[in-house]
Amino acid sequence: MLLSRQTAVMLPLKEKDKPIVRMLLSAGCCARCVLRFCCVSVQAAYRQPQQDTLKELNAFIADAEHDKVQDSAGQDPAFKDESRDEAESETPPDPPCKRAKLEPGAGASAPAGGSQEPRICVVCFGILQDLCSTTQAVKIAEAVKSQQYEFDTLMLSVSLPAQLSVREHSCWLYVKARMREKSMVHDKDDVIQVKEAFKWIMQSLVGKELGGISVVTKSALEVGLEFTHSETESDCHFLAKACPDSFTTTKNKQSVFTRMAVVKALEKIPDAKFLKLYPCPPTQPTSSCICQEVQCLHTSVFVAGRYNKFCRSLPQTPWVIDGERRMESSVEELIAVPVLAAFRATGFNFSSSGREDVDVRTLGSGRPFAMELLNPHRSRLSKVEMKQLQETINQSSDKIRVRDLQIVTREAMSRMKEGEEEKTKSYTALVWTQRPIQQEDIAFIDDIKDLTLDQKTPLRVLHRRALAIRQRVIHSMNARFLDSHHFYLGLKTQAGTYIKEFVHGDFGRTTPNLCRLLETDTDILELDVESVDVDWPPFIPE
Ligand SMILES: *[C@@H]1O[C@H](CO)[C@@H](O)[C@H](O)[C@H]1NC(C)=O
Ligand SMILES: *[C@@H]1O[C@H](CO)[C@@H](O)[C@H](O)[C@H]1NC(C)=O
Ligand SMILES: [Zn+2]
């Protein structure tokens, strides 16, 4: 008796919890779910073996029965009235032989005549029982190890079957009804969530199995556990009729009974209606949950740099027309393949400060670009490793080169797109003229400053852009004579100026244009981007 009293004290339960503990155990709740509904927030109480907790709980309520027996014999006058009332209203006085059966060592049977076998919990479907064990921790750790991530910490994310919320609600109403009788106040929000209790138990176990890794609440590496329980899936179905507005059919979801929808419906449904439609306490399941394949996901890493493109037959992104690949490669792929390999990422998202046409080269210090690397298995590369990666890209093809390659933050990435319109870009165009070029033409061009153009959306991009007129400024120009029908035109322009259209006029859709200015037909034969004046990402000194 002394032993049971001592161990019971370890659980932070109060006299007023006794009736709740008794009714939940007899309803088929597991020991840890009992702690949850008693709002026990001491993590250690959940971490001890569930069999021990169950024994303590049994001893705790047996104590009450014992005390009551003692009390009725007038031997324990110090005992609180509350427990006496409780014992009297709950069960008739037990003979001493029943007490003996409940003592530690007599098996972990439920007090209300449960079998010797631990039953599957009516609320958590075993998640806080056998699915919350070292065996499970080993399974999770093995799954993480097999994916070979580089990480210092990880977080567990738990997805529970939606019907668990229904059962949680049923159990809560069961407890609440009892508490109202005893005029006790308890808030549903104080009940410890299954997820929370699960993490309290599993975080340290999984960490230990991974050789001392910290399992924390916020980490770049998320280890996802999804529990399903097909046996009780239909538990939710009555809610669809009771609260039809909460369940709208969505095309891509497998079931309308998402956890969110179920929780919303449970918030709306009046207690009386719920109790009419669903058993309280919930019924006994025969199987425990299944833990689906462990899913690991690392937050994205962002990499930025500048690229040069030296080839006039390389698109920036894969060029596919009518499902058919038109060019064998692209800037994006030439950069992405080695970067993905270095970070062991499973996908990427490429963006750049503007883009060039397939036949345009990008010279000078290059065009800023940034990539989101999805689910990287490595997330940190040293400066030296980044330099090696850059060299690998440089050497993989003559068509492109990369510089200033660096890891950046998601926030920093937006700097690239910010104020893009205000930036300047420099170009060199090889221009053909119908009439021979004179010295005066060269001087005329060199003198033009801050020329504002009205550009109707070019014919060549009309299929993908809305028709509009936009104004762009050519800040300055210079001409370099090549032969009497050819010259190199240097331009410094506002970002977004359509250069080709400025030179050939696009059937008068860009005004003024070079044809008009020189009073002859002109055409553009080649175009190079000389610089993209965006000061992001930071330049890296050689
Ligand atoms: C790629 O980036 C775009 C724009 O930032 C975003 O909408 C999209 O969801 C991203 N794709 C992936 C797979 O992350
Ligand atoms: C790669 O090429 C760029 C452009 O030529 C150059 O600036 C950079 O230093 C090269 N990097 C490495 C590591 O080879
Ligand atoms: Zn449980």
Side-chain angles (χ1 to χ4, degrees), residues 20-21 24-38 40 45-46 49-51 53-54 57 108 110 114 118-133 136 158 160-161 163-168 170-172 174-175 191-198 200-202 227 229 232 281-285 287-289 305-311 331 334-335 338-339 342 361-369 381-406 529-532 537-542:
I20 300 175
V21 172
L24 287 175
L25 281 178
S26 59
C29 282
C30 72
R32 285 165 176 158
C33 281
V34 171
L35 296 184
R36 292 196 303 111
F37 281 103
C38 290
V40 171
Y46 294 86
Q50 46 153 340
Q51 290 80 2
T53 306
L54 186 58
L57 290 176
R119 295 182 298 173
I120 308 294
C121 174
V122 295
V123 183
C124 73
F125 306 127
I127 290 170
L128 295 179
Q129 296 174 294
D130 290 345
L131 291 167
C132 214
S133 60
Q136 183 73 5
V158 180
L160 301 173
Q163 64 270 30
L164 197 145
S165 301
V166 175
R167 286 171 169 256
E168 184 91 358
S170 163
C171 236
W172 162 248
Y174 187 55
V175 169
V191 171
I192 306 298
Q193 298 291 302
V194 171
K195 272 185 195 180
E196 204 171 352
F198 180 84
W200 287 345
I201 302 161
M202 293 303 283
F227 292 102
H229 196 250
T232 55
T283 56
Q284 178 70 47
S287 59
S288 41
C289 269
R306 289 184 175 75
Y307 72 79
N308 290 129
K309 169 169 163 309
F310 300 122
C311 174
V331 171
L334 288 173
I335 296 172
V339 174
R361 299 189 300 177
T362 295
L363 310 175
S365 57
R367 183 186 297 280
F369 70 92
L381 267 70
S382 67
K383 287 213 165 81
V384 172
E385 287 171 314
M386 287 303 278
K387 187 128 196 162
Q388 280 164 354
L389 173 56
Q390 188 172 286
E391 198 170 333
T392 305
I393 301 168
N394 279 358
Q395 287 172 355
S396 67
S397 156
D398 288 337
K399 297 174 179 171
I400 62 150
R401 290 281 181 276
V402 162
R403 49 173 292 169
D404 304 324
L405 195 68
Q406 57 196 284
V529 178
E530 295 291 348
S531 78
V532 180
F539 290 94
I540 296 177
E542 288 296 316

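Order of listing sets the numbers, starting from 1, for every ligand and every atom in it.
- Enumerated by chain and number, the residues approaching ligand 2 to less than 4.0 Å through a heavy atom are N308, K387, Q390, E391, N394, R401, V402, R403, E542.
- Applying the side-chain contact (heavy atoms from CB on, under 4.5 Å) test between L35 and each of L24, L57, I192, L128 identifies L57 as the sole match.
- Between V402 and F369, some side-chain heavy-atom pair lies under the 4.5 Å cut-off.
- Looking only at side-chain heavy atoms (C-beta outward), I540 and R403 stay at 4.5 Å or farther from each other.
- Note on the Zn ion (ligand 3): protein N/O/S atoms under 2.8 Å are C30 SG, C33 SG, C121 SG, C124 SG.
- Ring-plane geometry between F125 and H229 is classed as parallel, the angle between the planes falling under 30 degrees on a 0 to 90 degree scale with a further cut at 60.
- A donor-acceptor pair is defined here as one N or O able to donate and one able to accept, closer than 3.5 Å; such a pair exists between the side chain of E385 and the backbone of S382.
- Inter-residue side-chain proximity for V122 and P281 is flagged as unmet; no heavy-atom pair is nearer than 4.5 Å.
- A donor-acceptor pair under 3.5 Å links the side-chain atoms of Q390 to the main chain of L405, judged by distance alone.
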* To do: Would you sort out whether E168 and R36 count as a salt bridge (Lys or Arg N to Asp or Glu O under 4.0 Å), showing the intermediate values?
  => CA-CA 10 Å; E168 184 91 358; R36 292 196 303 111; 2.6 Å; yes
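- For D130, the CG atom counts as loosely surrounded, since its 6.0 Å shell holds 12 or fewer non-hydrogen atoms of other residues, nucleotides or ligands.
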